[in-house]
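Structure record follows, encoded as structure tokens.
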Number of protein chains: 2
Amino acid sequence: MARVVVDVMLKPEILDPQGKAVHGALPRLGFEGVVAVRQGKRFELELDGDVTDDRLAEIRNAAETLLSNPVIEDYTVRVEQ
Amino acid sequence: MARVVVDVMLKPEILDPQGKAVHGALPRLGFEGVVAVRQGKRFELELDGDVTDDRLAEIRNAAETLLSNPVIEDYTVRVEQ
């Protein structure tokens, strides 16, 4: 059993209203010193068996077609210990 | 300039319909061998200056009060290099 994490974030040039809302709320709640906030999605995929290069490539493919919109989002895939 | 990442995931005992939907879609798209999927949120906070223990404690406080609902969600805070 292995866990693969896919993080999906809006590309830097895309406006992120959720992150902006969090950024605006922080000082109102007394938290200072945060310059910027970006909000994205995190997917945890549990695989049966081991993580091979082939399966990682397949997950990268799924990240690109199902989990993210590659026009506006970037993704990273990593194996979590 | 430092980046702190806050990951917010539903607690394991809470049903995750988004993750379930992704899990159901994977085999239809030809991706096999994924046993479970959980979907959560990822926040990237850019701080001015260095990350001290005090500021990390403050961000943990923000994660608990603003970024997550501690009744149904768990969060992790980590400094990203």
Side-chain angles (χ1 to χ4, degrees), chain A residues 1-12 16 18-52 54-68 73-78 80, chain B residues 1-12 16 18-52 54-68 73-78 80:
Chain A
M1 200 80 144
R3 170 178 292 178
V4 177
V5 175
V6 179
D7 289 319
V8 177
M9 300 298 291
L10 285 169
K11 286 181 192 286
D16 173 7
Q18 288 183 302
K20 249 193 151 51
V22 170
H23 185 222
L26 283 168
R28 288 200 299 274
L29 292 170
F31 304 109
E32 305 288 347
V34 177
V35 191
V37 180
R38 304 283 289 174
Q39 180 173 346
K41 287 176 281 187
R42 175 190 164 95
F43 298 91
E44 292 180 357
L45 285 74
E46 307 283 342
L47 305 191
D48 55 355
D50 287 333
V51 182
T52 61
D54 274 6
R55 299 190 74 184
L56 263 188
E58 214 176 53
I59 286 173
R60 247 180 227 110
N61 195 352
E64 185 143 353
T65 53
L66 174 67
L67 304 179
S68 77
E73 290 171 328
D74 290 324
Y75 64 87
T76 60
V77 175
R78 66 175 189 281
E80 195 148 273
Chain B
M1 200 82 143
R3 171 178 291 177
V4 177
V5 175
V6 179
D7 289 320
V8 176
M9 301 296 293
L10 285 169
K11 286 180 192 284
D16 173 6
Q18 289 183 300
K20 250 194 151 52
V22 170
H23 185 222
L26 283 168
R28 287 200 301 273
L29 292 169
F31 304 109
E32 305 287 345
V34 176
V35 192
V37 180
R38 305 282 290 175
Q39 179 172 347
K41 286 175 282 185
R42 174 188 165 96
F43 298 91
E44 293 180 354
L45 286 74
E46 307 282 345
L47 304 191
D48 55 355
D50 287 335
V51 183
T52 60
D54 274 7
R55 298 190 74 184
L56 263 188
E58 214 175 56
I59 287 173
R60 246 178 229 113
N61 195 353
E64 184 143 352
T65 53
L66 174 66
L67 304 179
S68 77
E73 290 170 326
D74 290 324
Y75 63 88
T76 60
V77 175
R78 67 176 188 280
E80 194 148 273

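Throughout, a chain's letter reflects where its sequence line sits, starting with A, and its residues are numbered from 1. Side-chain atoms are counted along with the backbone in the values below, which use heavy atoms only and exclude waters and symmetry mates.
Most heavy-atom pairs under 4.5 Å with chain B, from the set E44(A), E58(A), M9(A): that is E44(A). Residue with the most contacts toward chain B among V35(A), L67(A), V8(A): V35(A) (heavy-atom pairs, distance under 4.5 Å). When each of V37(B), V6(B), I59(B) is scored by its heavy-atom pairs under 4.5 Å with chain A, the top score falls to V37(B).
Other residues, nucleotides and ligands contribute only 12 or fewer heavy atoms inside 6.0 Å of the NZ atom of K20(B).
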* Verdict with supporting geometry, T65(B) and F31(A), side-chain contact (heavy atoms from CB on, under 4.5 Å) -> CA-CA 11 Å; T65(B) 53; F31(A) 304 109; 4.0 Å; yes

* To do: Would you please test L26(B) and L66(A) for side-chain contact (heavy atoms from CB on, under 4.5 Å) and show each step?
  => CA-CA 8 Å; L26(B) 283 168; L66(A) 174 67; 3.7 Å; yes

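Remark: of the listed residues D48(B), L47(B), V4(B), L47(B) is the sole one forming a side-chain contact (heavy atoms from CB on, under 4.5 Å) with V34(A). Of the residues D16(A), D7(A), D74(A), the one that meets the salt bridge (charged side-chain N to carboxylate O under 4.0 Å, His left out) test with R42(B) is D7(A).
With a 4.5 angstrom heavy-atom cutoff, Q18(B) does not touch chain A via any of its atoms. The contact between R55(B) and chain A is made entirely by side chain atoms (from C-beta outward), counting heavy-atom distances below 4.5 Å. If you measure heavy-atom distances from L29(A) to chain B, the contacts under 4.5 Å come from the side chain alone.
Distance check: Q39(B) CD to K41(A) NZ gives 6.0 Å after rounding to the nearest 0.5 Å.
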